[in-house]
Amino acid sequence: MPLYQDEKLRLYNSIAGEKQVFKPIHEGQIGMYVCGPTVYSNVHLGNCRTFISFDMIYRYLTHLGYKVRYVRNITDAGHLTDDADEGEDKISKKARLEKLEPMEVVQQYTLDFHNVMQRFNTIPPSIEPTATGHIVEQIEIIKTIIEKGYAYQINGSVYFDVLKFNKDHQYGKLSGRNIEDMITSTRELESQSEKQSPQDFALWKKASPAHIMRWPSPWGDGFPGWHLECTVMSSKYLGETFDIHGGGMDLKFPHHECEIAQGEAAHGHSPVNYWLHANMLTLEGKKMSKSTGNSILPQELFSGDNDFMEKAFSPSIVRFFMMQAQYRSVLDFSNDAILAAEKGLTRLRDAIALLDQLQVSSKSSVDIKAWSDKAYAAMNDDFNTPILIAELFEGAKIIHSINEEKETISQKDLDYFETTIKAFLYDVLGIKNSDAVEDVKGTQHIDAAMKLIIDLRATARARKDFDTSDKIRDELQAAGIQLKDSSEGTTYTTI
RNA sequence: GGCGUCAUGGCCGAGUGGCUAGGCAAAGGUCUGCAAAACCUUGUACAGCGGUUCGAAUCCGCUUGACGCCUCCA
């Protein structure tokens, strides 16, 4: 029997503004769409937080026994640098500046994104569609929206008519805005806009002669608007209404608002049942952002080559650090905070490593079921990973108590305990049980330590204390470090 | 200016109308030839001012501050 039948999952639905009991459209199956990156530059750590948060959510849903179709797009066209009429496609701009084919830009940063996601131990989505791969579908849905009367074309571009839409539907319900306020508070644009109303947004943009990314359409050569791809790809792979839509908090408006409008305009009903928004990662108290330069790249963190941190941190530590905050809370990234996370994770890992050598008894004095109930309760409460981690530390305390024979555990309980605690740390939180740090300084430390051990062994051999020298060699071997004796001396390698 | 979120002990970070969050750090202890490590024990904190209440850090109001969105951003 799948776990989800016992576990009542509640999640915070942004559009309702409250936690709701989760009920999928089809029993046991979930469709989840997450807005992916625009691949015009390297993903920074803030971007990663969102994807790691939804990876954890995907993992937990899967852990509960749901069959999840997880779609996360790659935006490789259509994302404008700004909303003005002269707004340029981000990919196109980067290609122009670096004298590359747009698809070279896309390829470079898609590879970077995949590489970083792999380092963070995220599970690839079931489908990872691209905007350029769905131009035909985007053109089709634009036609539909025009037919329904919610879009107009002008000078080879097509705009969504927000005011018209708002007469029959409610624009702004996700982000809590009403159209009147928006009209009165909209900043005046210097340039004369071809849009009927400043709130209108582009479904299709005419390509100027110099624009290198262009596709033919009924309205002339051009490229699709940013919001459209998500509407098209989510409905194509998950249906016109699906269970969960995720993304960063900063996409709530206008991006997700526009998605709702497009979906309702084209299909007549709301596209999403549960909207989930992951909060921002800040650096020195300010939102990480490519445009302001206040950001740190994952590679810089893993290598220690950055101005913010005193040492290198492995992907697992960074991920564990992120999991210590709830996904809906703003999290500030700092040297002290991640250092604390590193020590905590080590303690947790050390405790779990003790599981294999625990003595079993005929009866348990510890209540493992009560412990796991609390762990599940934490996750069922809108994926409260900080509480889950607190329970994992309680688990560590239990392990130590048994190890010191202050408490007892039966074989049956131990098996369940081990399975559960590992499932939560490895499978749900996605923390690997060990990982190598590509830390130059760290390697130097190990080298220094190994040199000392090797010297001690050499001394022992010199005085024919082979008990000691063999012990060193054999135990290192067992620990995965192989000594190599040669006429030049002794070296070591990891196995 | 509009909309929204948040202010928790040295740091990070949960949660709750009355009962221990957790991690890091710190102090004491166990262990140890000495250290280190490890493990155990210890924290009554919740921006300020009012109000509701038998009781609020938790609810309401105001003040102050921070952040996010309103323009591209995960």
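Excluded from the calculations below are hydrogen atoms, water molecules and symmetry mates; all remaining heavy atoms, backbone and side chain alike, are included. Throughout, a chain's letter reflects where its sequence line sits, starting with A, and its residues are numbered from 1.
- Residue A:I387 contributes atom CD1, which lies 12 Å from atom C1' of B:G23 at whole-angstrom precision.
- In the model, A:D89 has no side-chain atom that pairs as donor or acceptor with a side-chain atom of A:S92 under 3.5 Å.
- For B:A45 and B:U16, the C1' atoms lie 14 Å apart once the distance is rounded to whole Å.
- Atom OG of A:S175 is separated from atom CG of A:L251 by 12.0 Å, given to the nearest 0.5 angstrom.
- Searching all strands for a Watson-Crick or G-U wobble partner of B:A38 with both distances below 3.5 Å returns B:U30.
- A:S329 comes within 4.0 angstrom of the backbone, heavy atoms only, and of no base.
- Counting to the nearest Å, the P atom of B:C39 and the CD1 atom of A:I402 are 15 Å from each other.
- A:Q326 places a side-chain N or O within 3.5 Å of a backbone atom of A:D382 that can act as its donor or acceptor partner.
- Here the side chain of A:K290 is nearest to one of B:G68, B:A74, B:C11, namely B:A74.
- Checking B:A21, B:A74, B:C39 against every side-chain atom of A:T50, the shortest atom distance belongs to B:A74.
- Separating the P atom of B:C19 from that of B:C31 is a span of 37 Å, rounded to the nearest Å.
- Nucleotide B:A14 forms a pair with no other nucleotide shown, judged by Watson-Crick or G-U wobble geometry with both contacts under 3.5 Å.
- The main-chain N or O of A:T408 is found under 3.5 Å from a side-chain atom of A:S365 such that the two form a donor-acceptor pair.
- As a whole-Å value, the separation of A:L388 CG from B:A14 C1' is 12 Å.
- In this structure, A:H277 and A:H256 have tilted ring planes: the angle between them lies in the 30° to 60° band.
- Proximity note for A:Q326 (side chain, C-beta onward) versus B:A14, B:A74, B:G22: the nearest is B:A14.
- At a threshold of 4.5 Å between non-hydrogen side-chain atoms, the residues A:F54 and A:T122 do not count as touching.
- Distance A:F383 CZ to B:G13 P: 21 Å, rounded to the nearest Å.
- Looking at heavy-atom distances under 4.0 Å, A:E391 makes no contact with the nucleic acid at all.
- Pair check for B:A66 finds B:U5; Watson-Crick or G-U wobble, both atom distances under 3.5 Å.
- Regarding contacts with the backbone of B:A25, a side-chain N or O of A:K343 is found under 4.0 angstrom from either OP1 or OP2.
- Between A:H63 and A:Y376, the side chains place a donor N or O and an acceptor N or O closer than 3.5 Å (distance only, hydrogens not considered).
- Among the protein residues, A:D350 comes within range of no part of the nucleic acid, since none of its heavy atoms lies under 4.0 Å from any strand.
- Within the 4.0 Å cut-off from OP1 or OP2 of B:G68, not a single side-chain nitrogen or oxygen of A:K252 is found.
- In this structure, A:K397 reaches the sugar-phosphate backbone alone: every heavy-atom distance under 4.0 Å involves primed, P, OP1 or OP2 atoms, never a base.
- The stretch residues 365-379 of chain A has no heavy atom under 4.0 angstrom from RNA chain B at all.
- For the pair A:L345 and A:F320, the minimum side-chain heavy-atom distance is below 4.5 Å.
- For the C1' atom pair drawn from B:U52 and B:G18, the interatomic distance equals 16 Å after rounding to whole Å.
- Rounded to an integer number of Å, the gap from NZ of A:K406 to C1' of B:C39 is 7 Å.
- Taking atom CG of A:L174 as the reference point, atom P of B:U5 lies 13 Å away to the nearest angstrom.
- No engagement by A:A278 is indicated, since no non-hydrogen atom pair under 4.0 Å with the nucleic acid exists.
- Toward the 5' end of RNA chain B, the nearer of the two residues A:F253 and A:R49, judged by each one's closest nucleotide, is A:F253.
- Put simply, the side chain of A:N73 gets close to the backbone of A:G36: a donor and an acceptor are under 3.5 Å apart.
- Taking atom P in both B:G17 and B:G28, one finds a spacing of 38 Å when rounded to whole Å.
- The distance between atom CD1 of A:I389 and atom C1' of B:G15, rounded to the nearest whole Å, is 16 Å.
- Nucleic acid contact for A:D332: sugar-phosphate only, since backbone atoms but no base atoms lie under 4.0 Å from a heavy atom of the residue.
- Listed candidates were B:C67, B:C70, B:C24. Nearest to the side chain of A:R177 is B:C70.
- When heavy atoms are screened at a 4.0 angstrom cut-off, A:H44 is found touching base atoms of the nucleic acid.
- Comparing atom distances between the A:P386 side chain and each of B:A21, B:G68, B:A74 picks out B:A21 as nearest.
- Considering only side-chain atoms of A:K287, the nucleotide from B:A74, B:G22, B:C69 that sits closest is B:C69.
- Here the separation of B:U8 from B:G48, taken at their P atoms, is 10 Å to the nearest Å.
- Taking the charged nitrogens against the carboxylate oxygens, A:R319 and A:D55 do have a contact shorter than 4.0 Å, which makes a salt bridge.
- The P atoms of B:A7 and B:G43 are separated by 24 Å, rounded to the nearest whole Å.
- Straight-line distance from the CG atom of A:N384 to the C1' atom of B:A14: 6 Å, rounded to whole Å.
- Rounded to the nearest Å, the gap between the P atom of B:U20 and that of B:A25 is 24 Å.
- Here A:G46 lies in heavy-atom contact (under 4.0 Å) with a base.
- Between A:K173 and A:E257 there is no salt bridge, since no side-chain nitrogen of the basic residue lies less than 4.0 Å from a carboxylate oxygen of the acidic one.
- Distance check on atom C1': B:G10 versus B:U42 gives 16 Å, rounded to whole Å.
- Searching all strands for a Watson-Crick or G-U wobble partner of B:G43 with both distances below 3.5 Å returns nothing.
- Comparing B:A74, B:C70, B:G13 by their closest approach to the side chain of A:M280 singles out B:A74.
- For A:R347 and B:A37, the shortest distance from a side-chain N or O to OP1 or OP2 is not below 4.0 Å.
- Partner assigned to B:U58 is none, using Watson-Crick or G-U wobble distances below 3.5 angstrom.
- A:L331 comes within 4.0 angstrom of sugar-phosphate atoms only, judged by non-hydrogen atoms across all strands, and of no base.
- Within the 4.0 Å cut-off from OP1 or OP2 of B:C3, not a single side-chain nitrogen or oxygen of A:N178 is found.
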